[in-house]
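Computed from heavy atoms alone, side chains included, the values below leave out hydrogens, waters and symmetry copies.
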Amino acid sequence: MQNAKVRQPSGQHWARKTWRDWSLVQPLSPPIKKINPQWHVLQVRQRFERIVALRLRERAIEGYVPLRRIGRKANGTSIELPLFPGFAFCKYDEVAVSSFYDIPGVLCMVQGTDGINIIPEQQITDLRRILASGLDVQAWPFTLQGGTVMAEDGPLSGVTGILEQRADKRFLVLSIQLIRRPIAVKIDHLSQTSFRPGAETINL
C-alpha cells in the first residue's frame, strides 16, 4: 500500500502518512557485526593433526592440514601424511572463539617472537596451489634471503616464492615464516614457466 490512514487521538482529524513517513519512524535494524577471520597455526600432538582439523570443522571453523602423498615401493601403494607434522592451520575470528584447548591434541597457539600469530592469506593460497599441482614437494632450509618472484604460467601460476638456484636446478621456495618450515618445488622440467619480480610477503 502506498498510503496508510492513522487514527489520531480523540478530537483530532485523520492524517495520511505515506510509506516513506513510516520508514522514517521505524526503529533501525541492529548493525551487522563485521567478522574478519584470519589464518593461525595450532601446535598439536603428532598424529592428531587431522583429528584437530575435524573438530574445528564441527565448530564451523575452517581447519586445514596440508598433506603430501608418499609412495610405497614394496606394493606400489601410497599414503598421505601431514606436510607439517605437529601443526594444524585454522581460520577464525578471535572474537568468535574463546578457546581451542579443550580439543584433544591441541597444545598451544603458535606465536612469533615479534608477537605476530597471523599467517597471510596469500601463503595459504600458494601452499594449496603447490599441493594441487601434483609436483614433488620437499623440505627446505629456512632462510629469509633471496628475491621474491611470482610464477606467471604453468601449474604454479600465481604462486609467490623465492627462486633459488642449486647447480643446474631451480627451485621455487615457499616459506611459512610463522612455523619456519619452508618447502620447495623443483621447476627444471617446467621449461615454459616464466617469473616476474613479486611483492614481498608481509606478515599482518
Show, in sequence, the C-alpha distance, side-chain angles and deciding distance for D102 and R55, and conclude whether the salt bridge (Lys or Arg N to Asp or Glu O under 4.0 Å) test is met. CA-CA 10 Å; D102 60 335; R55 295 292 178 263; over 6 Å; no
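- The two atoms that bring C90 and I61 nearest to each other are CB-CG2, 4.4 Å, heavy atoms only.
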Between I162 and V149, does a side-chain contact (heavy atoms from CB on, under 4.5 Å) hold up when you go through it step by step? CA-CA 6 Å; I162 296 174; V149 298; over 6 Å; no
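- Across L42 and V106, no two heavy atoms sit closer than the pair CD1-CG2, 4.3 Å.
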Verdict with reasoning, L156 to I187, per side-chain contact (heavy atoms from CB on, under 4.5 Å): CA-CA 9 Å; L156 299 179; I187 58 173; 3.9 Å; yes
Apply the test side-chain contact (heavy atoms from CB on, under 4.5 Å) to residues V110 and F89: give CA-CA distance (whole Å), side-chain angles for both, the deciding distance (0.1 Å), then the verdict. CA-CA 10 Å; V110 177; F89 299 93; over 6 Å; no
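- Listed by chain and number, the residues in a side-chain contact (heavy atoms from CB on, under 4.5 Å) with L54 are E58 (sequence neighbours excluded).
- When each of L174, T125, D126 is checked for a side-chain contact (heavy atoms from CB on, under 4.5 Å) with V159, only D126 meets the rule.
- In this structure a side-chain-to-backbone donor-acceptor pair under 3.5 Å is present from R129 to G158.
- Between L178 and Q111, the shortest heavy-atom contact is CD1-C, 4.2 Å.
- For CZ of R128, the number of neighbouring non-hydrogen atoms (other residues, nucleotides, ligands) closer than 6.0 Å is greater than 12.
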Give the intermediate values and the outcome of side-chain contact (heavy atoms from CB on, under 4.5 Å) for residues I176 and F87. CA-CA 12 Å; I176 308 296; F87 296 99; over 6 Å; no
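- Note that the OG atom of S175 and the CZ atom of R180 stand 8.5 Å from one another [nearest 0.5 Å].
- Looking only at side-chain heavy atoms (C-beta outward), D153 and S194 come within less than 4.5 Å of each other.
- No donor-acceptor pair closer than 3.5 Å links the side chain of Q123 to the backbone N or O of E121.
- Remark: the backbone N or O of H40 is not paired with any side-chain donor or acceptor of N117 at under 3.5 angstrom.
- Taking the six-membered ring where the residue is Trp, F171 and W140 present tilted rings, their angle falling between 30° and 60°.
- A continuous path of ILVMFWY side-chain contacts below 4.5 Å connects M109 to V44, so both sit in one hydrophobic cluster.
- The NZ atom of K91 sits 9.0 Å away from the CD atom of Q38 when rounded to the nearest 0.5 Å.
- The line from OH of Y92 to CZ of F100 is 5.0 Å long, rounded to the nearest 0.5 Å.
- Atom CZ of R196 sits about 5.5 Å away from atom CD of E152, to the nearest 0.5 Å.
- With rounding to the nearest 0.5 Å, the separation of CZ in R68 from CG in D136 is 11.0 Å.
- Across all their heavy atoms, L56 and I103 have their closest contact at CD2-CD1, 3.8 Å.
- Note on I119 and I130: same hydrophobic cluster, where clusters join Ile, Leu, Val, Met, Phe, Trp and Tyr whose side-chain heavy atoms are under 4.5 Å apart, directly or indirectly.
- No continuous path of hydrophobic side-chain contacts links V65 to I79 [ILVMFWY only; heavy atoms under 4.5 Å].
- Nearest heavy-atom pair across L107 and Y101 is O-CE2, 3.6 Å.
- Looking only at side-chain heavy atoms (C-beta outward), W39 and I118 stay at 4.5 Å or farther from each other.
- At a threshold of 4.5 Å between non-hydrogen side-chain atoms, the residues E62 and P37 do not count as touching.
- The line from CD1 of I70 to CD of E80 is 10.0 Å long, rounded to the nearest 0.5 Å.
- Linking Ile, Leu, Val, Met, Phe, Trp and Tyr whenever their side-chain heavy atoms come within less than 4.5 Å leaves L67 and V137 in two separate clusters.
- Closest non-hydrogen pair, P66 versus L127, comes out as CG-CD2, 3.6 Å.
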